[in-house]
Amino acid sequence: MRTPRTLALAVGFVALALVPVVAAALNQPFYLDLVRRIMIFAIAAVSLDLILGFGGMVSFGHAAYLGVGAYAVAIPAFYGVHSGFVQWPLAVGLSALVALVIGTLSLRTSGVYFIMITLAFAQMLYYLGISINAWGADDGMRLARRSQFGGAVDLGNPYVFYYVVFGLLVLLLWLGHRLIHARFGMVIRAARSNEPRLRAVGFATFRYKLAAFVLAGAACGLAGALLTNQTEYLTPSYMHWTRSGDIMVMVILGGMGTLFGPVLGAIVFLLLEDVLAAWTVHWQVVLGPLLVLIVLYARRGLWGLLAGRG
Amino acid sequence: MSWLLVLEQCLNGLQFGVMLFLMAAGLTLVFGIMNLVNLAHGSLYMVGAYFATAAFGWTGSFVLSVVFSLLATLAVGMVVEVVALRTLYERDHLDQVLATFGLILFFNEAVAMVWGRTALFTTVPKALSGHLQLLPGLRYPAYRAVIILVGLAVALLLYVVVSRTRLGMLIRAGASNRTMVAALGVNVRLLYTIVFGVGAALAGLGGLMAGPIYTVQPGMGDDILIQVLVVIVIGGIGSIRGALVGAVVVGMVDTLGRAFLKPMLSTTIGPAAANDAGPALASMLIYILMAAVLSFRPQGLFPAARG
Amino acid sequence: MRTLRGAAVLALVAALMAVQARAAEPVKIGFITTLSGPAGVIGKHMKDSVELALDHLGRKVGGLDTEVIYRDDQRKADVGKQVADELLKKDRVNFVAGIIWSNVMLAVAPTVTGAGTLMVGTNAGPHELAGKMCNELYFTTSWQNDQTPEAMGKHMQDQKITDVYVMAPNYAAGKDMVNGFKRYFKGKLVDEVYTKLGQQDYQAEITALRAANPKAVFVFYPGDMGIQFLKQYAQAGLRDQIPLFSVYTVDETTLPAVGDAALGNFEARYWSPDLKNEASQKYVADFKKKFGYTPSYYGAQSYDGILLIDSAIRAVKGDLGNKKGMVAAMRKADFKSTRGKFTYNVNHHPIENFYLLKAVKGASEVEMQIQKTVFENHKDAYYQDCPMKW
């Protein structure tokens, strides 16, 4: 039963690993940039899936951490601190902290209220971002250079940067896999299906959920740090609510509650956007109904289709 | 003099709140009864504004354009319900958010394809373009006064319909136990389609009244949608009363914040700092309010009793 | 069956990649602008003007077969950067042009010039690119952001207008505009009010404005914010009471929606459809004939951008590898600009005239008319920070 998935996984893994080789052979370095950006959003999508798919926490403000991570790289760089050893841990730590605050307040609510309160927090951060003149306000800031790792790793080299992102994506998937099959993941998933019962058994579900929320925020913060490096630019629009919507779409499109689904979702969504946009300026009129159709008829997403149980 | 200014700003806040209420009423009705989160509600607001503008162009009559727009938005709402949303009632909120997010993309682009991306020209009808002398020293734009009156009338009408009529009874019954109502021989499917259509028409009413003072362009419903979501969450999702209170509170807080936050801050932290902090804080105010309300009352101010 | 479905999904991905890859061809101009979303109207003005320029050049820029590739930046800096990378690395364009927004430009321009490709901006004018970040390969056919509010500040200063109430959205460009205005306006300011970006309702601010009782109002409200503000300002009955001076607020992209509510409004600009010179009149007439609507400055400067590229390619006789030659040619700005006289400053930003415009009732609709020249050969305020030497 798992054969098609395992096969797809192997094919996908090898394909992603070989993109730089093929791009170099075809002399089409653009695909490095394209696929790298896709993988960065895949990291964000996987992080959202940890809470959304496995924990049933529908966060509609996940782009906030993308923004926090991006600022954590751009602000030190603005003051002349280019070391990635400072920026990246800061991005992860700061997003975790922000997620801790947002999570503590939001997890008191559930259902639609949870969707909306996470959205509200993201909006607050967005308006904060566009108001701070010292840090570029809505214009954002240019990153003078990508994060420096003391000569050990040169992100200026597109191939090196590609494999760094690839490595981080694989690492996240591996950690995620370990996590959801560990006791922690069991509790999270159980809380999704029946929280009162779990509480009755004696689990402090709030703490587990909060921990998952913080982990997801931290991982998405890392994606934000990568995205600023990719674009070499920071803008508060990374935190706009439509961006949260985009990440959510990637998760659902690929199949929520599966680790690899969101990766597939990010690939298909961003490629689709690129191809449709090149084809017609009215691409949204195609993309919109497509989303509706996927929700209506492919509930388990593309990864679910791969498994053959649509 | 100064208290007149405060009074006028309160009227402005009320007017903005009433506008939010027209949107919030439909959204919260659909949520309370069908348990559906409809992000595309802002699109119906946009559609209402476009229909009214187009009809005004054809007929030259404001009244006709209002009637046409209401009926057309009602029809669009019912079609959307039948084609796309009906099957979503049983799904979880996530699916609903996603599908209706897709509808937003579709409607924004479809409107651009039909009417172009350039904003359309709309203006306040001649009869309402003047000012009303409310008090000595307080003149208020007639059109905005009409918005307040229409909004309050709709609130009253909704209250009467939901609590005093047979239709309202069916609606309330359908919300608490769909299967039972269906077993009694009521066509619940049709009932839902009608409710959704009415919600759409209310959004259209908001949109057509907003047209002459805002901008009629693709995507015009997106920003107000977010604010309306804040309203119904603060008020308590599914409650009409909550929607009204939430709308007025949000309208007031937002308006008074924009009007008085900066002057107040500048007396405490100085004008230069107030110029930076005031507007930033004012734009975040309603989200702060929402986070605060939900921290103390996770179900909003008026949690709807649902079975 | 399962394998089939799996294969179908993989095939979808593969097909998308395949569509992505298209063959490469010579003499290409990549034109990046916003084509989707509400701001797509500006992109349309720009794209239509590029098409008109191509018509006027017989579809041959610099005498060579030409392909213009239009890409949509969705008004997002990271998307702009991605399509720029795509144009550079996949389509291998010889020029990148366009860009409406300052933040998109700040992300895209260094990418393009860093790849050794010529960039011709046709709208955004962030001060960084006029000053410290100026680049040999970067030219603009528009202006530096501050120049327009400077012109309005100078006009109001010259008129000895005082007690001015200033309003702008609370974001970087809003504050830049007010700073540019204050560089030349030294009279008394009653208040400076910054509103939420994308705000729809200004009634509260207009009430406060009326209470402050200023003698004049200066605003910067681009796009839909401008439409809303102008309509509400007129509806509040203030249009006849307090004169309104604005920058980037009333133009041909918003006038059709504002209509009479704009009447009497003053704007500052370097170009207007009624500008009297041969190139401009030809552009406006042919544009109206081909597309059926009145062009805007967004269009005029995009049209100029293509003519500038044409002049560069002609100067090097079609040798596209000769970047130095093309830069030298572009510095001469040897083409018939819609703004008449056109010279480049050392930072590759135009030295140009600025006019005072007024919204008046034309033959059929409200239109902008030039009233007088405010600045002749105006230079931007940042060129001295630019280290470039010619």
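Per chain, numbering begins at 1; letters A, B, ... match sequence-line order.
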| query | Do you know which of A:Leu290, A:Val295, A:Leu291 has the most heavy-atom pairs with chain B at a distance under 4.5 angstrom? | reply | A:Val295
| task | Applying side-chain contact (heavy atoms from CB on, under 4.5 Å), name anything that partners A:Leu100, two or more places apart in sequence or on another chain. | result | A:Thr104, A:Leu210, A:Val214
| message | For the interface with chain A, which of B:Gly102, B:Ala291, B:Ala84, B:Gly300 has the highest count of heavy-atom pairs at distances below 4.5 Å? | response | B:Gly102
| task | Side chain from CB out, backbone as N, CA, C, O: work out which of these in B:Leu39 comes under 4.5 Å of a heavy atom of chain A, or both, or neither. | result | side chain
| message | Side chains of B:Val97 and A:Met248, heavy atoms from C-beta outward: is any pair under 4.5 Å? | response | yes
| Nearest 0.5 Å, what's the CD1-CG distance between A:Ile252 and B:Asp95? | 6.5 Å
| said: So which residue, A:Trp241, A:Phe114, A:Phe60, ends up with the most heavy-atom pairs under 4.5 Å with chain B? | reply: A:Trp241
| message | When you compare the side chain of B:Glu109 with that of A:Leu287, does any pair of heavy atoms fall below 4.5 Å? | response | no
| said: Taking CZ in B:Arg86 as the centre, count heavy atoms belonging to other residues, nucleotides or ligands within less than 6.0 Å. Is the count above 12? | reply: yes
| Within a radius of less than 6.0 Å around CZ of A:Arg199, do more than 12 heavy atoms belonging to other residues, nucleotides or ligands occur? | yes
| query | Can you name the residues of residues 116-130 of chain A that have some heavy atom under 4.5 Å away from a heavy atom in chain B? | reply | A:Met116, A:Ile117, A:Leu119, A:Ala120, A:Phe121, A:Gln123, A:Met124, A:Tyr127, A:Leu128
| Which heavy-atom pair separates A:Pro289 from B:Phe106 by the least distance, and what is that distance? | CG-CD1, 3.6 Å
| query | From A:His282 NE2 over to B:Arg117 CZ, what is the distance, rounded to the nearest 0.5 angstrom? | reply | 6.0 Å
| Any side-chain heavy-atom pair from A:Asp246 and B:Phe101 closer than 4.5 angstrom? | yes
| said: Counting only heavy atoms not in B:Trp115 (residues, nucleotides, ligands), do more than 12 fall under 6.0 Å from its CH2? | reply: yes
| For B:Arg297, is it the side chain, the backbone, both, or neither that has a heavy atom closer than 4.5 Å to a heavy atom of chain A? | neither
| task | Name the region of A:Leu52, side chain, backbone, both or neither, that has any atom closer than 4.5 Å to a heavy atom of chain B. | result | side chain
| said: I'd like to verify something: which residue of A:Val285, A:Ile115, A:Leu253, A:Val292 has the highest number of heavy-atom pairs under 4.5 Å with chain B? | reply: A:Val285
| said: Are the side chains of A:Leu296 and B:Leu88 in contact, using a 4.5 Å heavy-atom criterion? | reply: yes
| Can you list the steps and then say if B:His93 with A:Val58 is a side-chain contact (heavy atoms from CB on, under 4.5 Å)? | CA-CA 9 Å; B:His93 294 319; A:Val58 184; over 6 Å; no
Sequence neighbours left out, cut at 3.5 Å: what donor-acceptor pairs do the side chains of residues 216-233 of chain B make with other protein atoms?
{"residue": "B:Gln217", "atom": "NE2", "partner": "C:Asp224", "partner atom": "OD2", "Å": "2.9"}
{"residue": "B:Asp222", "atom": "OD2", "partner": "B:Asn108", "partner atom": "ND2", "Å": "3.2"}

| remark: The salt bridge (charged side-chain N to carboxylate O under 4.0 Å, His left out) partners of A:Arg108 (sequence neighbours excluded) come to none
